[in-house]
A.B. asks: 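Supplied in structure tokens, the structure appears directly below.
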Amino acid sequence: MKYGIVIFPSKKIQDLANSYRKRYDPHYALIPPHVTLKSFEATEEEIKQTTDALNAIAKVQQPFHMNVKKVSSFQPVNNVIYLKINPTEELQLLHEKINEQTVGEKSEYAFVPHITIGQKLSDDEHSDVYGSLKMLDVEHEETVDRFHLLYQLENGSWSVHETFRLGKG
């Protein structure tokens, strides 16, 4: 089964992201806007171990600030447009701990914290959409106090398996 470990941002940022995802992200209906910390496949037995590891991580990791700064793109690697999150030591540490202490392969990409707002765009679409969105003045800060373990349903949508609150040791 497919799993993901994510941070869901505040409603304000989700609303902003969804205003663009509706048009530019085919995954819009499958999962709310999120920051992916890890995605992987696992058995039910491995998920028991993973939830234990995530509980231990959450107990020692304190809530932290997350800053959304601007619209950016992964072009030319792929035509993904996203809200860029300032990488902080706390966010990087959370990502590293989760990747070290849970099952699944390490990501093939470096960790770039972001919230996708457009993907699977043609080159022309990407150029047009990114050209207008990169002018947006996005300046938002919020406190992250939890992360979530999700699983993918047969129809492709994602559901929360468990929520982990930071610093509740």
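Bear in mind that the values here come from a model prediction, so they are computed numbers and not experimental data.
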A.B. asks: Tell me whether Leu37 shares a hydrophobic cluster with Ile47, the cluster being built from Ile, Leu, Val, Met, Phe, Trp, Tyr side chains joined at under 4.5 Å.
C.D. replies: yes
A.B. asks: Do the side-chain N and O atoms of Asn79 and Gln75 include a donor-acceptor pair separated by under 3.5 angstrom?
C.D. replies: yes
A.B. asks: Does one side chain, of Ser73 or His126, offer a donor that lies under 3.5 Å from an acceptor on the other?
C.D. replies: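 There is such a pair (donor and acceptor under 3.5 Å, judged by atom type) between the side chains of Ser73 and His126.
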A.B. asks: I need the full list of ring pair (Phe, Tyr, Trp, His ring centres under 6.0 Å) pairs touching residues 42-62, with sequence neighbours left out, sorted by first then second residue.
C.D. replies: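 Residue pairs with at least one partner in residues 42-62: there are none.
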A.B. asks: Could you tell me the separation between the CG atom of Leu83 and the CD atom of Gln14, rounded to the nearest 0.5 Å?
C.D. replies: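 Interatomic distance, Leu83 CG to Gln14 CD, rounded to 0.5 Å: 11.5 Å.
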A.B. asks: Do you know which two heavy atoms are closest between Gln61 and Glu90, and how far apart they sit?
C.D. replies: NE2-O, 3.4 Å
A.B. asks: Among Val144, Val68, Ile85, whose side-chain contact (heavy atoms from CB on, under 4.5 Å) with Val35 holds?
C.D. replies: Ile85
A.B. asks: What's in the same ILVMFWY side-chain cluster as Tyr28, cut-off under 4.5 Å, chained through other members?
C.D. replies: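 Direct or chained contacts put Tyr28 with none.
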A.B. asks: Between the side chains of Gln92 and Glu96, is a donor N or O closer than 3.5 angstrom to an acceptor N or O?
C.D. replies: yes
A.B. asks: Taking transitive links into account, so neighbours of neighbours count too, which hydrophobic residues share a cluster with Phe74 at under 4.5 Å side-chain distance?
C.D. replies: Val80, Tyr82, Val112
A.B. asks: Do you know which two heavy atoms are closest between Ile117 and Asp25, and how far apart they sit?
C.D. replies: O-CB, 4.0 Å
A.B. asks: Mind checking what makes side chain to side chain contact (heavy atoms under 4.5 Å, CB included) contact with Glu162, not counting sequence neighbours?
C.D. replies: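 Testing Glu162 for side chain to side chain contact (heavy atoms under 4.5 Å, CB included), a comparison that skips the adjacent residues, returns Thr51, Asn55, Phe164.
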A.B. asks: Is the Phe40 ring parallel, tilted or perpendicular to the Tyr3 ring (thresholds 30°, 60°)?
C.D. replies: parallel
A.B. asks: Sequence neighbours left out, what passes side chain to side chain contact (heavy atoms under 4.5 Å, CB included) with Ser19? Give chain and number order.
C.D. replies: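 Partners of Ser19 under the side chain to side chain contact (heavy atoms under 4.5 Å, CB included) test: Leu16.
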A.B. asks: Quick one: CD on Gln49 to OG1 on Thr102, what's the gap to the nearest 0.5 Å?
C.D. replies: 10.5 Å
A.B. asks: Honestly curious: do Ile5 and Met66 fall in one hydrophobic cluster under the side-chain, below-4.5 Å linking rule?
C.D. replies: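 Yes, Ile5 and Met66 fall within the same hydrophobic cluster.
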A.B. asks: Run the ring pair (Phe, Tyr, Trp, His ring centres under 6.0 Å) test against Tyr20 and tell me which residues pass, sequence neighbours left out.
C.D. replies: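 Tyr20 satisfies ring pair (Phe, Tyr, Trp, His ring centres under 6.0 Å) with no residue once adjacent residues are dropped.
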A.B. asks: Do Lys134 and Ser72 have a side chain donor and acceptor closer than 3.5 Å?
C.D. replies: no
A.B. asks: In Å and rounded to the nearest 0.5 Å, what is the NE2 to NE2 distance from His34 to His27?
C.D. replies: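 One gets 9.5 Å once the value is rounded to the nearest 0.5 Å.
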A.B. asks: Could you go through the side-chain hydrogen bond (donor to acceptor under 3.5 Å, both in side chains) check for Thr143 and Asp145 one step at a time?
C.D. replies: CA-CA 6 Å; Thr143 300; Asp145 66 355; over 6 Å; no
A.B. asks: Does atom NZ of Lys70 have more than 12 heavy-atom neighbours from other groups under 6.0 Å away?
C.D. replies: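 No, NZ of Lys70 has 12 or fewer neighbouring heavy atoms, counting only those of other groups under 6.0 Å.
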A.B. asks: Strictly below 4.0 Å, N to O, side chains only: are Asp52 and Lys48 in salt-bridge contact?
C.D. replies: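 Not counted as a salt bridge, because no side-chain N and carboxylate O are separated by less than 4.0 Å.
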A.B. asks: Are Trp158 and Val160 connected into the same hydrophobic cluster when the rule is that any two of I, L, V, M, F, W, Y join if their side-chain heavy atoms are below 4.5 Å apart?
C.D. replies: yes
A.B. asks: Taking atom CD of Gln62 as the centre, does the number of heavy atoms from other residues, nucleotides or ligands within less than 6.0 Å exceed 12?
C.D. replies: yes
